[in-house]
There are 2 protein chains.
Amino acid sequence: MGLRERKKEETRIALSWAAIKLTVERGFDNVKVEDIAAEAGVSHRTFNNYFSSKGEAIAARHFDRAVQIADELRSRPDGEPLWEAITNAVFARFALGMQEAERPADERWIAGVKLMSQHPEHQGEFLKAHTAAQEALAAAVAERTGTNADRDLYPHLVAGTVGAAILAAINLWLHGDAPAPFEELLRDALGQVAAGLPTP
Amino acid sequence: MGLRERKKEETRIALSWAAIKLTVERGFDNVKVEDIAAEAGVSHRTFNNYFSSKGEAIAARHFDRAVQIADELRSRPDGEPLWEAITNAVFARFALGMQEAERPADERWIAGVKLMSQHPEHQGEFLKAHTAAQEALAAAVAERTGTNADRDLYPHLVAGTVGAAILAAINLWLHGDAPAPFEELLRDALGQVAAGLPTP
DNA sequence: TCGTATCTTTGCGTGGCTCGCAAATTTGTG
DNA sequence: CACAAATTTGCGAGCCACGCAAAGATACGA
């Protein structure tokens, strides 16, 4: 990767991160594209060369992370059963980043994230990112299972189910009544869908 | 329902339908909010009292129909097994409307729908509507299974899985390689997830 | 039937947003 | 170092969402 591409990637991440940071701190509607661009050290116009909206910039981080699940799945050993491989892939790339890095773990921060997650424009973009990443996952599932993503339902059903499990875990964690560690919720959710959703 | 509410409902539907019609005919970016309002016989400003964007107006029809699945599920007999009830509910309110009403069945129309379905803004709003309707379904599933939508993953996993099946069927129908009747795809998809996604 | 309270529609104005375009700057390469 | 290619930036056009307040429609009790 040449200097050019590296700088582009850096700018993209800086913009996305700035968008998240400012939005969590101030609320979606109190952040102008101008502010995000300034925070990342580029011009307003450059922001729009990278993202076509505030919401897309915010969702980009989720997207990048979610797409990596598909990559990880491809690198799991061939012998590993499908659902085991998926679970491992999800945890390898998803669960960890949710807890550790880049989070002040602040109470104010979490409140900000909750607010952000409820904003209509963010929801739409978040779901778009989630769904796009799911397609990458479906392609990986198709490869692994010898099915065809353009003709068969199966890989999309698997990917969609995994996505639903991840979303359910995120939503219950953010908005549910019973506080539980995210990792536990996610493991539970994946376990249930992997087992074919037995009646509880 | 008084006259007031009936007129509101009519306006809402007229706006949503006008948005879909014009968008399918001309393409998303060649339709102004002004045009939609004119087609429905109200002012531009009134459009925004009902919907906060073009995309939302378009997705409203999907949303209304999808929410009815939850209502239908509630009215299924108590003894019916969950997945059977869900499948029947989906077909009662969803599959039929997809084929019959309000569709010129025109080739030009279908091409327009395909184009529309690929537009980024539409995708976001469509997924938002889909997800919101899914929550209604989760609530109905919680009622039926004695689980709690605020605390348990289960109803959200079931609703999310059903939603994923519906989405997969729609997408394969619209964009897939192998042409098959929508109803068949949907039945296949629901059958697979109901059976716990056995390896094909 | 009428009068009033409530809800809905509408026009206007404001601020923000996305994107096309072309000039200026930066990076890659021989 | 010079030239080609990609990226950034400023500017401008057109559209959009929403707050506000006036005008219009509907509900409902007396």
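Just so we're on the same page: letters track the sequence lines, and every chain starts at 1. FYI, side chains are in, hydrogens and waters are out, and symmetry mates aren't considered; it's all heavy atoms of this structure.
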>> I want to know whether B/His122 and B/Phe28 have ring centres closer than 6.0 Å.
In response: no
Rounded to the nearest angstrom, tell me the gap between atom [atom1] in [X] and atom [atom2] in [N].
{"X": "A/Glu5", "N": "D/dA6", "atom1": "CD", "atom2": "P", "answer": "11 Å"}
{"X": "B/Phe28", "N": "D/dC15", "atom1": "CZ", "atom2": "P", "answer": "14 Å"}
{"X": "A/Asp35", "N": "C/dG15", "atom1": "CG", "atom2": "C1'", "answer": "14 Å"}
{"X": "A/Arg6", "N": "C/dG28", "atom1": "CZ", "atom2": "C1'", "answer": "13 Å"}
{"X": "A/Leu15", "N": "D/dT7", "atom1": "CG", "atom2": "P", "answer": "15 Å"}
{"X": "A/Asp29", "N": "C/dG16", "atom1": "CG", "atom2": "C1'", "answer": "11 Å"}
{"X": "B/Glu9", "N": "C/dC7", "atom1": "CD", "atom2": "P", "answer": "18 Å"}

> Thinking salt bridges, do A/Asp71 and A/Arg93 make one under a 4.0 Å N-O criterion?
Replying inline: no
> Under a 4.0 Å N-O cut-off, is there an ion pair linking A/Glu121 with A/Lys54?
Replying inline: no
Quiz question: by atom type and distance under 3.5 Å, do the side chains of [X] and [Y] form a donor-acceptor pair?
{"X": "A/His175", "Y": "B/Asp150", "result": "no"}
{"X": "B/Gln192", "Y": "B/Asp188", "result": "yes"}
{"X": "A/Asn88", "Y": "A/Glu84", "result": "no"}

>> Need the bend value for the helix from C/dT1-D/dA30 to C/dG30-D/dC1: angle between end axes, 5 pairs each end, nearest 10°.
In response: 30°
> With a distance cut-off below 6.0 Å to the six-membered ring centre and an angular limit of 45° from the axis, does B/Lys128 pair with B/Phe63 as a cation-pi contact?
Replying inline: no
>> Closer than 3.5 angstrom, by distance alone: can the side chain of A/His62 be matched with the main-chain N or O of A/Ala129 as a donor-acceptor pair?
In response: no
>> Taking A/Lys114's backbone N and O only, do any of them form a donor-acceptor pair with A/Ser117's side chain (distance below 3.5 Å, no angle check)?
In response: yes
Can a side chain N or O of [X] be found less than 4.0 Å away from OP1 or OP2 on [N]?
{"X": "A/Lys32", "N": "C/dC17", "result": "no"}
{"X": "B/Tyr50", "N": "C/dT8", "result": "no"}
{"X": "B/Lys8", "N": "C/dT8", "result": "yes"}

> Can you find a donor-acceptor N/O pair under 3.5 angstrom joining the side chain of B/Arg4 to the base of C/dT6?
Replying inline: yes
>> Please list, in numerical order, the residues of residues 38-49 of chain B that have a heavy atom closer than 4.0 Å to any atom of DNA chain D.
In response: B/Arg45, B/Asn48
> Just checking B/Phe51: base, sugar-phosphate only, or nothing, at a heavy-atom cut-off of under 4.0 Å?
Replying inline: nothing
> Between A/Thr11 and B/Glu121, which has a closest nucleotide on DNA chain D that is more 5'?
Replying inline: A/Thr11
>> Which nucleotide wins on minimum distance to the side chain of A/Lys54, given the candidates D/dA25, C/dC17, C/dC19?
In response: C/dC17
